[in-house]
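Notes follow the structure.
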Amino acid sequence: MEVRVRFAPSPTGQIHIGNIRTAIFNWLYARHHNGTFLVRVEDTDRERSTQEAIDILFAELKWLDIDYDENLLYQSEQIKRHLTHAETMLANNHAYRHAKGEGGEAVLFSIPWDDAGFNTIRNCGQTELPIHTEEPVKISKHGVKFALISRKGKPVPTEVCLAGFKNLKIYDANNQCLFDIKDAIESILDKSKACEIQNGQRLSFTRREVYFKDLIKGELSKPLDSMKDFVIVRGDGSPVFHLANVSDDIEQNITHIIRGDDHIENTYRHTLLFQAINSNIPNFAHIPMIINQQGKPYSKRDGDAFLSELRDAGYLPEAVFNYLTLLGWSPGDDSEKMGRDELVSRFNFERVQRSAAQMDLKKLANLNGQYMAEIPQEVFLQQANEIISSLPWGKNIDSSYLSEVAVLMQSRTKTFNQIEDWAYFFTENLTFDESMVEKQLRKPGIKKAFVDLHEQLLTLEFDLVKIESCILFITESNGIKVGKLNLPLRIALTGSKIGAGIFEIIFVLGKDTVIKRLNYAIDNLV
RNA sequence: GACCCCAUCGUCUAGUCAGGCCUAGGACACUGGGUUUUCAUCCCAGCAACACGGGUUCGAAUCCCGUUGGGGUCACCA
């Protein structure tokens, strides 16, 4: 069977990482099966959908190199067909018009009383439900209203669909049958007659449930007596998500619906909709959510929840793509760093996790570092150049000097935004960590060593080997243990305790700069 | 509240469907050591988990029941 999947985001702002992972899983599945990956823009929420958001969406897809097939489908242009499908259901008696609350007469989908034509509904036995005696039971084609009993014995008003109560009988406290639906069903259904029964104490009915087999979670089911008929066309004549979504999936011949597991409840309803429109039901795969550091769903305050933030933080698209596939999926062995082709060939639903996953930025950074290390030198240089020229200290930089710095720093750069930390190569505006200065510079012997070094450097021929032996000489002649002058020197010259090798740094900075900074340190720091 | 779903190191996960190969493996992070006379890298070692309680079984992370915890959904939003 040909595989046809779709990514169907609502363009209402930034792209969330959970969202883009859904796109990735869809894309991977399609490519794995040589199938078709479609993008559908679900822009029916005219209030919140914006062109800007649509532009962001495609920019992000492009950044991650996720290509799509065939033409885009804009949901807002499909309204006519959506409404035709609503008409079909109205004609089949699978939907009815009803003024439910304000907003005029809407079209509601009727959870089917009659299973004919519905393969995803099954009986699951006789059930009893205790109800609050003081509240009447109201039965109409629009649903059944009654009151459950809270733990404290209070009535809890409930309204669910009629279809949940096949073979309903209502008994009072004396076990007397007050109502049998088989006597009333015809007039309820055909003449829209409503019944009201007082003093009921329990409901007795055949429970039915809607079920489907999820490719990730296995068989999922939900009793009809916990569902309600739902609006598919608003009072103003516009289609609701459920209708539009299903109608478009039919139109696009979608074979596998891969979406977040927050849609599971919708899927119970959607399977019914597919059948009411006389269409085949696609396969479903519900992937788990991504949650924040606190283990909660991401909210606006969390940060790093948008793909753009990851990009702005300097992560590579390859690394982000790779990392996101590993959130909620694993290849089954210990492979982690995997390229596109390998991911495409290994991806499957069997190995998708059933529970939510947390982002671990440190792991992403580590993976990103592995990708960074593989970037060819000239590509790295070009990227670095772009980033540096956008930084405040990055104007008018000598390109051969930049090249020297970049070569030196590539192996210790895990994300491109760390290039900001290269400032000490380009500006005399160093920032010193006071506690590091105190700890490393203001200790006995350092000042004298610096002064000696300063004097030596003035006349030193400036190459790597000579710099190294000069520093070694100063270290030893000052009675400092080998290597122990390096960190103080690093702090004095760069302000930082980490970075490239100190001898290389000194060489790249050049004699004038080093002497200038050493002077400053001798006068102000040590 | 009702319904649905989920549950292995701090985190991502392997092992669960087909019970024994699990003294529960890997990765990130963390800690210690080594290499680099410095930083990063790299190498080695360590720390660290089957949510809890019952059952079935010769044997349970794995199967069953219950409990707890977490999440989702209950809109004329998508």
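The chains referred to below are lettered A, B, ... by the order of the sequence lines, with proteins before strands, and numbering in each begins at 1.
- Judged as a salt bridge (charged side-chain N to carboxylate O under 4.0 Å, His left out), and not counting sequence neighbours, A:Arg490 has no contacts.
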Each nucleotide of nucleotides 31-44 of chain B classed B (base within 4.0 Å of a protein heavy atom), S (only sugar-phosphate) or -, in 5' to 3' order, makes ------BBBBS---
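- Taking the centre and axis of the six-membered ring of A:Phe25, the NZ or CZ atom of A:Arg21 falls inside the cone set by 45° and 6.0 Å.
- Ring to ring, A:His286 and A:His263 are not that close: their centroids are 6.0 angstrom or more apart.
- At a threshold of 4.0 angstrom between heavy atoms, the contacts of A:His286 with the nucleic acid are absent.
- Between A:Glu219 and A:Lys213 there is no salt bridge, since none of the side-chain N atoms of the basic residue sits less than 4.0 Å from a carboxylate O of the acidic one.
- Residue A:Glu87 forms a salt bridge (Lys or Arg N to Asp or Glu O under 4.0 Å) with just one option from A:Lys80, A:Arg97, A:Arg81, and that option is A:Arg97.
- OP1 and OP2 of B:A27 both lie 4.0 Å or more from every side-chain N or O belonging to A:Asn366.
- Both the sub-6.0 Å distance and the 45° axial angle are satisfied by A:Arg269 relative to the ring of A:Phe230.
- For CD of A:Glu134, the number of neighbouring non-hydrogen atoms (other residues, nucleotides, ligands) closer than 6.0 Å is 12 at most.
- With no hydrogens or angles considered, no side-chain donor-acceptor pair links A:Glu42 and A:Ser10 at under 3.5 Å.
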Between the protein and nucleotides 72-76 of chain B, which nitrogen or oxygen pairs are less than 3.5 angstrom apart?
unit_1: B:G72; atom_1: N2; unit_2: A:Glu265; atom_2: OE2; d: 2.9
unit_1: B:C76; atom_1: OP2; unit_2: A:Lys100; atom_2: NZ; d: 2.8
unit_1: B:C76; atom_1: O2; unit_2: A:Gly235; atom_2: N; d: 2.6
unit_1: B:C76; atom_1: N4; unit_2: A:Lys100; atom_2: O; d: 3.0
unit_1: B:C76; atom_1: N4; unit_2: A:Glu102; atom_2: O; d: 3.0
unit_1: B:C76; atom_1: N4; unit_2: A:Gly104; atom_2: O; d: 2.6

